[in-house]
**Q** 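Mind looking over this structure? Questions follow.
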Amino acid sequence: MTARHLVTSALPYANGPIHLGHLAGAYLNADIWVRYKRATGAEVLFVCGTDEHGAPILVNAEREGLDPASYTDRWHAAIRRSFELLDVRFDVFSRTSRPDPHHGLTQRVFLALLERGYVFSQEADQLFCDACKRGLPDRFAVGTCPRCEYPEARGDECPRCAAAFDAVDLVAPRCKSCGSAAARRPSTHWYLDLPKLRPLLEPWLATKRATWRPNVLGEVDKFLRELKPKPITRDLPWGVPVPLPEAKDKVFYVWFDAPLGYVSATIELCRARGLPEDAWRTWWQDAGTRLVHFIGKDNIAFHTVIFPAMLLGSGEPWALPDVPANEFLNLEGRKFSTSGGWFITVDELVERYPPDALRWTLTRSAPETRDAEFTFKDLQTRVNSELLGTFGNLASRVLKFVRSRYDGRIPGPGAALGEPEQAALAALRAGVEGATAELEAFSTRGAAARVLEVGYAANKLIEARQPFKVIKDDPAQAATTIHVACRLLEGLAVLLAPFVPSTAARLWAQLGLEGAPSDRRWAEAAAPGDPSGRPVGALDQHLFQRIEDHQVEAEVASLHAKARPPVSETTETASTPAPAPAPAAAPSPAPAAAGGAPQGKPTITYEQFAALDLRIARVVAAKPLPKADKLLELELELAGGERRTVLSGIRAWYAPEALVGRQVVYLANLAPRKIRGVESAGMVLAANDADGSAVLLLAERAVPDGAPVS
RNA sequence: GGCGACGUAGCUCAGUCGGUUAGAGCGGCGGCUUCAUAAGCCGUAGGUCGCCGGUUCAAGUCCGGCCGUCGCUACCA
C-alpha cells in the first residue's frame, strides 16, 4: 500500500461563502479521510485554496467597486475561516492569484503542452463589426447557413438544420445588432487538443474502471464521447498571462489554471517548510505518491479527463488521481441556493452547534451515492440519538460507574472474560475492520455507520451483564464487564477521532489517557491497552448536548423567513436591501461562465435610441416552452388588443401564472426570430442580477397597454 | 431535447458478483431496565424494491421502454 498520499479538495471559487452543501461534498469527507490515513501512519499532504480567476469574479468585484484582488482577498479570508471553524485542517490553503508560484507553474505547463504539440493556436478569422467597432462573438453574428442556406443562421448553429459551425463559416455574415456586414480580422486563440491526448488518457482510465464510482465513470464516458479541443485563452485583464509575445492581453481560461492551483499550493507549502525548491515533486511526480481529488459531481470531467490530460501531455511524470466525487446535498427539501436565500453558512451554524455535531451529521447524511438531504430534524436525531444516546451516554454510564464504585480507577478484570465480553471485543475488531474497508473505498459515511455499531455493541454488553446490579453478588464479574467497557471506549475514541476530533480528544481525557486519540495507530483501536488501575479524568462535562425540539423549529422557521419563494411569485420590490452580495459559490475548478462583462458600449445618438420601439405590454398568457428548460412563451397584449408572442429565458425565476396580468417593458420592433420552432416577436426586458438571474422590468404603476416607453 | 446518475418501509438511507423469508437508524406500538444526559436493551407492526415488458432455473440487482428527481448540455430576441 502506498504510504504517501496527496489529498486535495476542490478549490472553492472566491466569490461567495461556503455552505453545508460544499462541505459535505468535498471538504469534510476529505478531512476525515486524511485524518484516518494519518492514523494509519501514512504520510499525507492535504492541500486546498481558493480559485480566484475568471470573469464572474471580475464582474462581481466591479459591481462592488473593488479591484479583483481585494475582492478575492475578502472571500479567501472568509472561506479559510469557515473551514477552520469546522476543524477542516488543510496543510496549506492557498490561492490561485499568487503569481509566484502559481502563474509561473501555469505558464510552464502551457509551454510544455505547446512544445509537445498538445496545444495549438488557431489564427481564426474573427468577425468584427466596423460600425459597432467591436468583435462579434458567435452570438452576435448572423448570416446564411453554409449547409442549408437558411438566411438567419446564428454564429454557432443553424436553427433550421441544426448544423453546428463557427461564426466565420457563415455565408455573408453580418452584425446582429446593427445589421451591417461583418468584417473578418484574424485573432489567435489557443486550444488544448483533447482528441490528440486521448491515446494517453484512455490506457490510464482503463486502470480505474474497476474501482471508480458509477457516477464518476458515467461522466467520464459521456465526456470522452464528445471530446473536442478546448479553448484555453481569453481576453480578460484578470488571470494568468499567456507567456507568448503574440498573446499580449490574453490570459488563460480559469479552468486551465485552477487545477494547477493544487500544485502551486504544494510548492508554496514546501517553500514554507524550508524544503529545497524541487521538494514538491516528491508529492506530484513520484511513483510512490497516491493522488486523491475530493470533489462534487459538477467537477468530474475536469478532474478525471481534462486535468489529467494536461498533466499527461506535459511530458512530466505526474501522479494521476483517484476521484471520489460526491453528489449534492439538499437543504430541508430544496436545493441550496445562495441567491434564493436557501442556504446556511458554516459560520452561522457554528455559533449554535458544536463543530462535531455538524461534522457527524453531514457525514452520516453525506451524498456519496446520490443526492442527499440535510434537515435540522436529522441533525437533532443524529446528535440526540447517535452521538449523545449511543456514545455520550455510554461514556457517561461507564465512567461514572468507575467513579462511584471503584474510587475513580478502572478495575482490572476480576474474572475471565465471558461470552458477552468476548462478543463486545469482537464487535470492536469488526468495527475497525469494517470502518477501514469503508474508508479505503472513500466512504466516510459507511465508516461512521460501522463505528456506530461498536457503540451499540458496547451498550448491549452493559445490558447483558447489568454490572450495576451484579456488583452486589458477583463483584468480580461486574469489574470484568466495566474493565472491558473501558477498553471499548478507548477503541471508540480512536475510531471516532477522524469524524469528531475534539469530542474524541475529550473522551480520551475522560478515560484518563495521555496525549490524543489521534496519536494512536488506527489498527490499534481494535486492541486497546490494559487500563487496569488507571484513574479516569474529570467527568464534569457531558460529551454532547441535547438539541431540543424548539431549536429545530426555530431553525426551520428562520430558514424559511430569509428565503425567497422558489419559483412562484415575482419578487416584490423595495424589500431586501441586498446585503452580502452572494452569488453562487461553485466548488471549483470550474469553467468560467461564458457571459463576459458587459463592457461599456459606444455612445449612440438619440436617433439610434429612438429607433427602438419600446412599449409597455401586458402579459395575458404564459407557459413553459416544451423541450426548453429556460424559455417561457409569453402572450403579450398591446394597444387595441393587439397580441404578440414572445419567448423569454426567465423560466428559472418566474412561474408562468405569476406573470399573467403584469405589465412588462417590451421591445416591439426587434426582428422576429424563430427559436425552438416558435417565432418570437421582439423581446421582454430584464435586468441581470449578480448571480445571473433575470429580474423583469415592470411598470411601476398601471398604464395603458401598449404605452410607449422613452 | 441530448447524455449521465438515481428512484427500496411514514422519514433518512444500506443492499457486494443476479441466489433462501429485502435490511439499518429514526418515528409508531408493546415490554424490560434504572448504572447513565427522559439515556440503554428486547420484541413488533410497516415494503407491488417508480411503472410496463424482456432475459434467466432464479431479478431490488441484468436488458428495453415509460414516468419522476438531480446533474451536464442546448434553448435565454
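Below, read A as the first sequence line, B as the second, and so on, with proteins coming before strands; counting in each chain starts at 1. Just the heavy atoms: all of them, side chains too, but no hydrogens, waters or symmetry mates, feed the values below.
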**Q** Over all heavy atoms of both residues, which pair between A:Pro624 and A:Pro656 is shortest? Give the atoms and the distance, please.
**A** CD-CG, 3.9 Å

**Q** Any idea which of B:rA77, B:rC26, B:rA39 is nearest the A:Thr381 side chain?
**A** B:rC26

**Q** Rounded to the nearest Å, what distance is computed from the CD atom of residue A:Glu327 to the P atom of nucleotide B:rC72?
**A** 11 Å

**Q** Tell me whether the side-chain N/O atoms of A:Ser385 come closer than 4.0 Å to OP1 or OP2 in B:rC26.
**A** yes

**Q** Answer with yes or no whether A:Lys400 presents, from its side chain, a donor or acceptor under 3.5 Å of a partner atom in the base of B:rC35.
**A** no

**Q** From C-beta outward on A:Asp298, which listed nucleotide comes closest to its side chain: B:rA77, B:rC72, B:rG25?
**A** B:rC72

**Q** To the nearest Å, give me how far apart CZ (A:Arg213) and P (B:rA14) are.
**A** 11 Å

**Q** Once rounded to the nearest 0.5 Å, what's the spacing between atom CG of A:Leu461 and atom CD1 of A:Ile482?
**A** 8.0 Å

**Q** Among the candidates B:rC70, B:rG40, B:rG7, find the nucleotide nearest to the side-chain atoms of A:Glu463.
**A** B:rG40

**Q** Mapping A:Tyr456 and A:Asn215 to their closest nucleotides on RNA chain B, which lands nearer the 5' end?
**A** A:Asn215

**Q** I'd like to know if the side chain of A:Asn326 pairs up with that of A:Arg213 as donor and acceptor (distance under 3.5 Å, no hydrogens or angles considered).
**A** yes

**Q** Side chain of A:Phe401: nearest nucleotide among B:rA5, B:rC35, B:rG71?
**A** B:rC35

**Q** Across all strands shown, which nucleotide pairs with B:rG43 by Watson-Crick or G-U wobble geometry, both distances under 3.5 Å?
**A** B:rC29

**Q** What nucleotide, of B:rC6, B:rC3, B:rC70, holds the atom closest to the side chain of A:Lys222?
**A** B:rC3

**Q** Let's see if you can work this out: which of B:rC35, B:rG40, B:rA77 has an atom nearest to the side-chain heavy atoms of A:Leu670?
**A** B:rA77

**Q** How is A:Arg445 classified with respect to the nucleic acid when contacts are heavy atoms under 4.0 Å: base, sugar-phosphate, or nothing?
**A** sugar-phosphate

**Q** Using a heavy-atom cut-off of 4.0 Å across all strands, would you classify A:Arg364 as base, sugar-phosphate, or nothing?
**A** nothing

**Q** Look at the side chain of A:Arg546 and decide which nucleotide, out of B:rA39, B:rC13, B:rU37, has an atom nearest to it.
**A** B:rA39

**Q** Quick check for you: to the nearest 0.5 Å, what is the distance between A:Arg334 atom CZ and A:Trp342 atom CH2?
**A** 4.0 Å

**Q** By the 4.0 Å heavy-atom rule, please label A:Lys377 as base, sugar-phosphate, or nothing.
**A** nothing

**Q** In whole angstrom, what separates A:Phe376's CZ from B:rG27's C1'?
**A** 20 Å

**Q** Within the 4.0 Å heavy-atom criterion, would you say A:Ala464 contacts the bases, only the backbone, or no part of the nucleic acid?
**A** nothing

**Q** If I take atom CD in residue A:Gln466 and atom C1' in nucleotide B:rA36, what distance separates them, rounded to the nearest angstrom?
**A** 13 Å

**Q** For B:rG23, which nucleotide in any strand shown is its Watson-Crick or wobble partner with both distances under 3.5 Å?
**A** B:rC13

**Q** Between B:rU37, B:rA77, B:rG25, which nucleotide gets closest to the side-chain atoms of A:Glu386?
**A** B:rG25

**Q** Using a strict 4.0 Å threshold on nitrogen-to-oxygen distance, state whether A:Glu421 and A:Lys460 make a salt bridge.
**A** no

**Q** Going by purine N1 to pyrimidine N3 plus the second Watson-Crick contact, or the G-U wobble pair, all under 3.5 Å, which nucleotide sits opposite B:rC3?
**A** B:rG71

**Q** If you check every side-chain atom of A:Arg397, which of B:rA36, B:rC13, B:rU33 has the closest atom?
**A** B:rA36

**Q** Determine the Euclidean distance between corresponding C1' atoms of B:rC62 and B:rC17; express it in Å to zero decimal places.
**A** 12 Å

**Q** Taking 4.0 Å as the cut-off, does a side-chain nitrogen or oxygen of A:Lys469 come that near to OP1 or OP2 on B:rU34?
**A** yes

**Q** Which part of the nucleic acid, if any, lies within reach of A:Asp371 when heavy atoms closer than 4.0 Å are counted: base, sugar-phosphate only, or nothing?
**A** sugar-phosphate

**Q** Figure out the CG/C1' separation between A:Leu539 and B:rU37, and round it to whole Å.
**A** 13 Å

**Q** Check A:Arg487 with A:Glu490, please: is the shortest side-chain N to carboxylate O separation under 4.0 Å?
**A** no

**Q** Any N or O donor-acceptor pair linking the side chain of A:Arg370 to the base of B:rC6 at under 3.5 Å?
**A** no

**Q** CG of A:Leu697 versus P of B:rC76: gap in Å, rounded?
**A** 19 Å

**Q** Base, sugar-phosphate, or nothing: which does A:Leu647 touch, judged by heavy atoms less than 4.0 Å apart?
**A** sugar-phosphate

**Q** Look through every strand shown and name the nucleotide pairing with B:rU55 as Watson-Crick or G-U wobble, where both distances are under 3.5 Å.
**A** none

**Q** What's the NE2-P distance between A:His542 and B:rG40, to the nearest Å?
**A** 13 Å

**Q** So that I can tick it off, tell me whether A:Arg382 and A:Asp378 are bridged by a salt bridge, with the cut-off set at under 4.0 angstrom between side-chain N and carboxylate O.
**A** yes

**Q** Side chain of A:Phe468: nearest nucleotide among B:rG71, B:rA39, B:rC35?
**A** B:rC35

**Q** Between A:Phe442 and A:Trp212, is the ring centroid distance below 6.0 Å?
**A** no

**Q** Without decimals, in angstroms, what is the distance between A:Leu631 CG and B:rC75 C1'?
**A** 5 Å

**Q** For B:rC70 and B:rU8, measure between their P atoms and round to the nearest Å.
**A** 14 Å

**Q** Answer yes or no: does a side-chain N or O of A:Ser404 lie under 4.0 Å from OP1 or OP2 of B:rC35?
**A** no

**Q** Expressed as a whole number of Å, how far does the C1' atom of B:rG40 sit from that of B:rC26?
**A** 16 Å

**Q** Map A:Phe544 and A:Lys460 onto RNA chain B by nearest heavy atom, then report which one ends up closer to the 5' terminus.
**A** A:Phe544

